[in-house]
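Basis for what follows: all heavy atoms, side chains included, without hydrogens, waters or symmetry-related copies. Sequence positions, counted from 1, serve as the residue numbers for this chain. In this text, all values refer to a predicted model and were calculated from it rather than measured experimentally.
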Amino acid sequence: MLPGIARAGEIELEAGLGVGITSLGERRATGGMTLQPSIALGWRFAEWGSLRYRNAISFFNLKDLRWIGVIDVNAAVLGIHHRELTLELGPSLDAFAVPLCADTWCQREHGLAPAVHLGAILFPAPESRLGGRGTVHTAYIPGIAWSGISISIAVEGVYRF
């Protein structure tokens, strides 16, 4: 049996830890350096593809406890596999608790945000357990002080179980 075909039907589990940048707002932007643990659970339905649930929690503004921001990413992604590279694309519904600022004031806001997730994972070899992931995550944050597009970019180390 071919090795690629043997992978079909497998359950995939990955955990990662990354750093990045999150940006919210325009004139009085919040966000900044981001710490991002993640986990992904997937089903490899063919040699070329998988369906995954990916959860990542972005923490930012870590210097000031009062203004720590948290975005909980809940993405359903299609993984497209080519050798050691996997591309990820899918919708997400994010829960957020973030500081948002208007022209003259800021406040902490909570809610749900529709989003789109795009990522790429690279493992040095098919049997490798350690790899790297790069992600771009864009969400529409509906707030009172500010509503608009949030962009998070991160790189992370990934361990495949």
Identify each donor-acceptor pair in which a side-chain atom of residues 62-71 lies under 3.5 Å from a protein atom, sequence neighbours left out, and give them as a table.
{"residue": "Asp64", "atom": "OD1", "partner": "Arg66", "partner atom": "N", "Å": "3.3"}

*Stepwise salt bridge (Lys or Arg N to Asp or Glu O under 4.0 Å) test for Glu12 and Arg52*: CA-CA 8 Å; Glu12 300 173 326; Arg52 300 165 180 244; 3.2 Å; yes
_Using the rule given for side-chain contact (heavy atoms from CB on, under 4.5 Å), can you reason through Thr135 versus Ile153, listing the C-alpha separation, both sets of side-chain angles and the distance that settles it, and then say yes or no?_
CA-CA 6 Å; Thr135 62; Ile153 299 170; over 6 Å; no
*Would you check, one step at a time, whether the test side-chain contact (heavy atoms from CB on, under 4.5 Å) holds for Glu88 with Leu118?*
CA-CA 5 Å; Glu88 299 177 321; Leu118 177 63; over 6 Å; no
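Using a 4.5 Å heavy-atom cutoff, the side chains of Val98 and Leu24 are in contact. You'll find the side chain of Val77 stays beyond 4.5 Å of the side chain of Leu89, heavy atoms only. A 4.5 Å side-chain heavy-atom check between Leu41 and Ile39 finds every atom pair outside the cut-off. Residues Cys106 and Leu100 fail the side-chain proximity criterion, which asks for heavy atoms closer than 4.5 Å. With a 4.5 Å cut-off on side-chain heavy atoms, Thr138 and Ile149 count as touching.
Remark: side-chain polar atoms of Thr34 are paired, donor with acceptor, to backbone N or O of Thr22 under 3.5 angstrom. Put simply, the side chain of Asp94 never gets that close to the backbone of Pro114: no donor and acceptor are under 3.5 Å apart. In this structure, the side chain of Ser92 engages the main chain of Asn74 through a donor-acceptor pair within 3.5 Å. Checking side-chain atoms of Arg83 against main-chain N and O of Leu85 turns up no donor-acceptor pair under 3.5 Å. Remark: side-chain polar atoms of Arg108 are paired, donor with acceptor, to backbone N or O of Ala97 under 3.5 angstrom.
The nearest pair of heavy atoms linking Leu17 to Glu156 is O-CB, 3.2 Å. Contact record, Ser150 with Ile141: CB-CG1, 3.6 Å, taken as the closest heavy-atom pair. Residue Arg160 comes nearest to Pro126 through the heavy atom pair NH2-O, 2.9 Å, listed as atom of the first residue, atom of the second, then distance. The two residues Ala120 and Leu87 make their nearest non-hydrogen contact at CB-CD2, 3.9 Å. Taking both residues in full, the closest heavy atoms of Gly32 and Phe60 are given as O-CB, 4.3 Å, listed atom of the first, atom of the second, then distance. Scanning all heavy atoms of the two residues, the minimum distance from Asn61 to Gly31 falls at OD1-O, 2.7 Å.
For residues 76-101, no residue pair satisfies the ring pair (Phe, Tyr, Trp, His ring centres under 6.0 Å) rule, not counting sequence neighbours. Contacts classified as ring pair (Phe, Tyr, Trp, His ring centres under 6.0 Å) and involving residues 110-143 (residues at least two apart or in different chains) are given here: His117-His137. Every pair passing ring pair (Phe, Tyr, Trp, His ring centres under 6.0 Å) that includes a residue from residues 141-161 is listed here, sequence neighbours excluded: Tyr159-Phe161.
For the ring pair (Phe, Tyr, Trp, His ring centres under 6.0 Å) test, residues two or more places apart in sequence or in another chain that qualify with Trp48 are Phe45. Applying the side chain to side chain contact (heavy atoms under 4.5 Å, CB included) criterion to Gln107, with sequence neighbours excluded, gives Trp105, Glu109, Ile144, Ala145.
Residues Glu84 and Ser128 have side chains that never bring a donor and an acceptor to within less than 3.5 angstrom of each other.
A salt bridge links Glu14 to Arg133: one of the charged nitrogens lies within less than 4.0 Å of a carboxylate oxygen.
In the hydrophobic clustering of this structure, Leu35 groups with Ile57; members are Ile, Leu, Val, Met, Phe, Trp, Tyr whose side-chain heavy atoms approach within less than 4.5 Å, directly or through other members. Using a 4.5 Å cut-off between side-chain heavy atoms of Ile, Leu, Val, Met, Phe, Trp and Tyr, with links allowed through other members, Val155 and Val158 fall into different hydrophobic clusters. The cluster map of Ile, Leu, Val, Met, Phe, Trp and Tyr, joined by side-chain heavy atoms under 4.5 Å apart, puts Leu13 and Leu78 in the same cluster. Both Ile11 and Leu51 belong to a common hydrophobic cluster when Ile, Leu, Val, Met, Phe, Trp and Tyr are linked at side-chain heavy-atom distances under 4.5 angstrom.
Once rounded to the nearest 0.5 Å, the distance linking CD of Glu10 with OG of Ser50 reads 10.5 Å.
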